[in-house]
Novice: 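The structure that follows is given in the form of structure tokens.
Numbering of ligands and ligand atoms starts at 1, following listing order. Only this structure's heavy atoms are used, side chains among them; waters, hydrogens and symmetry mates stay out. Because the structure is a prediction, the values reported are computed rather than measured.
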Amino acid sequence: MSRVVVVSGGGTGIGRAVAEAFAADGERVVLVGRRPEVLEATAAEITAAADGATPEVEAVAADLSTAAGADRVREVVGARAGGVDVLVNAAGGNVALGAPPAEGSPAERAAEHWTGNFRANVLTAVLLTEALRDLLAPGGRVLLLSSIAAYRGSGTGSYAGTKAALHPYAFDLAAALGPRGITVNVVAPGYVERTEFFRGALSAERERTLIGQTLNGRAGTPEDVAETVRWLASAGAAHVTGQIVQVNGGAERGR
Ligand SMILES: NC(=O)c1ccc[n+]([C@@H]2O[C@H](COP(=O)([O-])OP(=O)(O)OC[C@H]3O[C@@H](n4cnc5c(N)ncnc54)[C@H](OP(=O)(O)O)[C@@H]3O)[C@@H](O)[C@H]2O)c1
């Protein structure tokens with residue numbers, strides 16, 4: 001029987017690759033993001049590519065940085081699917097990237113970056129997880145997307161700090177859900193190409209630097225991350241919980 005797999009940020013980048021991987025396994029995938037047109041196009045493309053081998057991919061548009069958005073996903077998923085087997089929290093991003101420079105005093109600019117990144121990375125993951133928590137099936141899986149930035153910083157520290165905040169949340173959640181056979185793990189990628197993350201703000205020089213920090217001399221791909229998520233969601237990973245798995249070609253230790 002198909003598992004119900006909810007993927008936030010599933011319309012683009014890493015979340016999309018995660019959705020493709022689970023759909024390829026015949027799972028019932030639900031995509032969540034803010035832009036309905038992006039979600040619907042991705043859902044239709046994945047469904048078409050599966051050519052009948054997977055249930056139709058569904059889309060729910062919601063802003064997960066608000067409780068109302070997370071509750072809406074619960075309402076729709078609860079009504080359509082009843083429960084959730086796998087929750088992948090891939091929604092997020094660095095609000096400081098590709099945006100016009102924040103205005104105001106240094107404190108006002110810092111407040112904008114830190115509040116924005118808290119909403120984008122902590123609230124999107126925590127609110128959706130809490131909204132779906134009691135719908136999680138025994139033996140379920142919760143995944144959260146962190147970043148190499150949680151170890152190495154991110155320029156202003158605000159993106160990195162909010163990703164790092166997910167680590168103790170995942171550990172506490174793993175302890176709370178362990179008795180139900182549910183695992184909770186964090187996947188922390190390094191630089192991943194073919195996503196909307198950088199919003200056109202990644203220079204060729206910066207990209208060369210990021211690739212140069214890896215030990216295998218290449219960018220990560222959305223599929224690299226999706227395969228790790230797929231493994232952590234498998235029956236074989238039942239004893240792996242409360243962990244942070246880095247997927248970065250060795251770049252956290254760097255050259
Ligand atoms: N790309 C990298 O190099 C990299 C490295 C390390 C970690 N990460 C992390 O990996 C995750 C996936 O990012 P990505 O690289 O695949 O970038 P991406 O293509 O920009 O994907 C982020 C997704 O999150 C959704 N999203 C953002 N805010 C949301 C909100 N408030 N409510 C609902 N959905 C929201 C976006 O859709 P809408 O705009 O339509 O809402 C988008 O589909 C993120 O958590 C990111 O921080 C990325």
Side-chain angles (χ1 to χ4, degrees), residues 6-21 30-43 59-73 87-99 115-129 131 143-154 158-167 170 186-202 206-207 209-211 213-214 218-226 228-229 244-249 251-252:
V6 176
V7 186
S8 80
T12 64
I14 293 168
R16 178 182 170 130
V18 167
E20 287 170 341
V30 181
L31 310 178
V32 186
R34 288 167 300 187
R35 292 166 295 171
E37 68 286 359
V38 171
L39 293 176
E40 279 153 23
T42 299
V60 184
D63 181 349
L64 296 173
S65 69
T66 68
D71 285 340
R72 180 176 143 64
V73 178
L87 168 60
V88 183
N89 289 290
N94 185 348
V95 301
L97 285 178
T115 307
N117 274 323
F118 184 80
R119 293 174 65 84
N121 296 293
V122 178
L123 291 186
T124 53
V126 172
L127 299 184
L128 183 62
T129 302
L143 283 309
L144 300 106
L145 263 292
S146 177
S147 169
I148 191 172
Y151 298 89
R152 290 186 60 132
S154 58
S158 60
Y159 172 69
T162 57
K163 284 301 193 189
L166 296 175
H167 301 184
V186 177
V187 177
Y191 166 54
V192 178
E193 65 185 11
R194 289 188 281 112
T195 75
E196 294 184 356
F197 181 83
F198 292 93
R199 297 193 214 113
L202 181 67
R206 177 74 183 138
E207 184 177 34
T209 301
L210 292 173
I211 291 173
Q213 289 167 350
T214 65
R218 71 166 175 87
T221 66
E223 293 75 24
D224 287 326
V225 184
T228 303
V229 170
I244 302 159
V245 180
Q246 298 204 54
V247 182
N248 56 34
E252 186 247 341

Novice: Calculate, to the nearest 0.5 Å, the distance between atoms OG1 and CG belonging to T129 and L144 respectively.
Specialist: 5.5 Å
Novice: Within the structure, does T195 bring an N/O atom to less than 3.5 angstrom of an N/O atom in ligand 1?
Specialist: yes
Novice: Nearest heavy-atom pair of T124 and A120: which atoms, and what distance?
Specialist: OG1-O, 2.7 Å
Novice: Tell me if the aromatic rings of Y159 and F197 count as close, with their centers under 6.0 Å from one another.
Specialist: yes
Novice: Closest non-hydrogen protein atom to atom 29 (C) of ligand 1, residue and atom name please, with distance?
Specialist: R34 NE, 3.5 Å
Novice: Could you list which atoms of ligand 1 come closer than 4.0 Å to a heavy atom of D63?
Specialist: 30 (C), 31 (N), 32 (N)
Novice: Are any non-hydrogen side-chain atoms of V225 and L145 less than 4.5 angstrom apart?
Specialist: yes
Novice: For P222, which part has a heavy atom under 4.0 Å from ligand 1: side chain, backbone, both, or neither?
Specialist: neither
Novice: How many angstroms lie between atom OG of S158 and atom CG of N121, to the nearest 0.5 angstrom?
Specialist: 9.0 Å
Novice: Could you check if a side-chain atom of L128 sits within less than 4.5 angstrom of a side-chain atom of V73, using non-hydrogen atoms only?
Specialist: yes
Novice: Can you report which non-hydrogen protein atom sits closest to atom 6 (C) of ligand 1, along with the distance?
Specialist: P189 O, 3.3 Å
Novice: Check R16 against ligand 1 and report side chain, backbone, both or neither, counting heavy atoms closer than 4.0 Å.
Specialist: neither
Novice: Between G93 and N117, which heavy-atom pair has the shortest distance, and what is it?
Specialist: O-OD1, 3.2 Å
Novice: Going by the rule side-chain hydrogen bond (donor to acceptor under 3.5 Å, both in side chains), which residues pair with R199 if we only count those two or more places apart in sequence or in a different chain?
Specialist: none
Novice: Considering only heavy atoms from C-beta outward, does the side chain of L39 approach that of V32 to under 4.5 Å?
Specialist: no
Novice: Below 4.0 Å from any atom of ligand 1, is there a heavy atom belonging to V38?
Specialist: no
Novice: If you measure every N or O of V192 against every N or O of ligand 1, does any of those distances drop under 3.5 Å?
Specialist: yes
Novice: Does any N or O in the side chain of R16 come within less than 3.5 Å of the main-chain N or O of P222, such that one atom is a donor and the other an acceptor?
Specialist: no
Novice: Would you say G11 has any N or O atom under 3.5 Å from an N or O of ligand 1, going by distance alone?
Specialist: no
Novice: Would you mind listing which atoms of ligand 1 come within a distance below 4.0 Å of any non-hydrogen atom of Y159?
Specialist: 7 (C), 8 (N), 9 (C), 46 (C), 47 (O)
Novice: Side chains of D71 and L127: closer than 4.5 Å at any heavy-atom pair?
Specialist: no
Novice: Find all atoms of ligand 1 within a distance of less than 4.0 Å from any non-hydrogen atom belonging to G13, and give their numbers and elements.
Specialist: 16 (O), 19 (O)
Novice: Just going by heavy-atom distances, which of G9, G69, A149 is nearest to atom 25 (C) of ligand 1?
Specialist: G9
Novice: Got an N/O contact under 3.5 Å between K163 and ligand 1?
Specialist: yes
Novice: What protein heavy atom sits nearest atom 7 (C) of ligand 1, and how far away is it?
Specialist: S146 O, 3.2 Å
Novice: Could you list which atoms of ligand 1 come closer than 4.0 Å to a heavy atom of F198?
Specialist: 3 (O)
Novice: Between E193 and R218, is any pair of side-chain heavy atoms under 4.5 Å apart?
Specialist: no
Novice: Regarding ligand 1, does A90 bring an N or O atom to under 3.5 Å of one of the ligand's N or O atoms?
Specialist: yes
Novice: Check contact between G10 and ligand 1, using heavy atoms of the residue and a distance below 4.0 angstrom.
Specialist: no
Novice: Quick one: nearest non-hydrogen protein atom to atom 10 (O) of ligand 1, plus distance?
Specialist: I14 CD1, 3.5 Å
Novice: Can you measure from OG1 (T228) to CD (E223) and round to the nearest 0.5 angstrom?
Specialist: 11.5 Å
Novice: Shortest non-hydrogen contact from V7 to G15?
Specialist: CG1-O, 3.5 Å
Novice: Using a strict cut-off of 4.0 Å, indicate which atoms of ligand 1 neighbour a heavy atom of G190.
Specialist: 3 (O), 5 (C), 6 (C)
Novice: Within the structure provided, determine whether V192 and T221 are in side-chain contact (heavy-atom separation under 4.5 Å).
Specialist: no
Novice: Look at atom 32 (N) of ligand 1 and say which protein heavy atom is nearest, naming residue and atom and giving the distance to 0.1 Å.
Specialist: L64 N, 3.0 Å
Novice: Between T124 and ligand 1, which part of the residue brings a heavy atom under 4.0 Å of the ligand: side chain, backbone, both or neither?
Specialist: side chain
Novice: Hey, are the side chains of S146 and V187 touching, using non-hydrogen atoms and a 4.5 Å cut-off?
Specialist: no
Novice: Please work out which of L145, T12, L31 has its closest non-hydrogen atom nearest to atom 19 (O) of ligand 1.
Specialist: T12
Novice: Considering only non-hydrogen protein atoms, determine which one is nearest to atom 34 (N) of ligand 1 and report residue, atom name and distance to 0.1 Å.
Specialist: G33 CA, 3.5 Å
Novice: Side chain, backbone, both or neither: which applies to A62 and ligand 1 if a contact is any heavy-atom pair less than 4.0 Å apart?
Specialist: backbone
Novice: Would you mind listing which atoms of ligand 1 come within a distance below 4.0 Å of any non-hydrogen atom of A91?
Specialist: 24 (O), 26 (N), 34 (N), 35 (C), 45 (O)
Novice: For atom 38 (P) of ligand 1, which of the options E196, R35, E193 provides the nearest non-hydrogen atom?
Specialist: R35
Novice: Can you name the atoms of ligand 1, numbered from 1 with element, that are less than 4.0 Å from a heavy atom of G93?
Specialist: 47 (O)
Novice: Starting from atom 22 (C) of ligand 1, what is the nearest protein heavy atom, named by residue and atom, and what distance separates them?
Specialist: G92 O, 3.5 Å
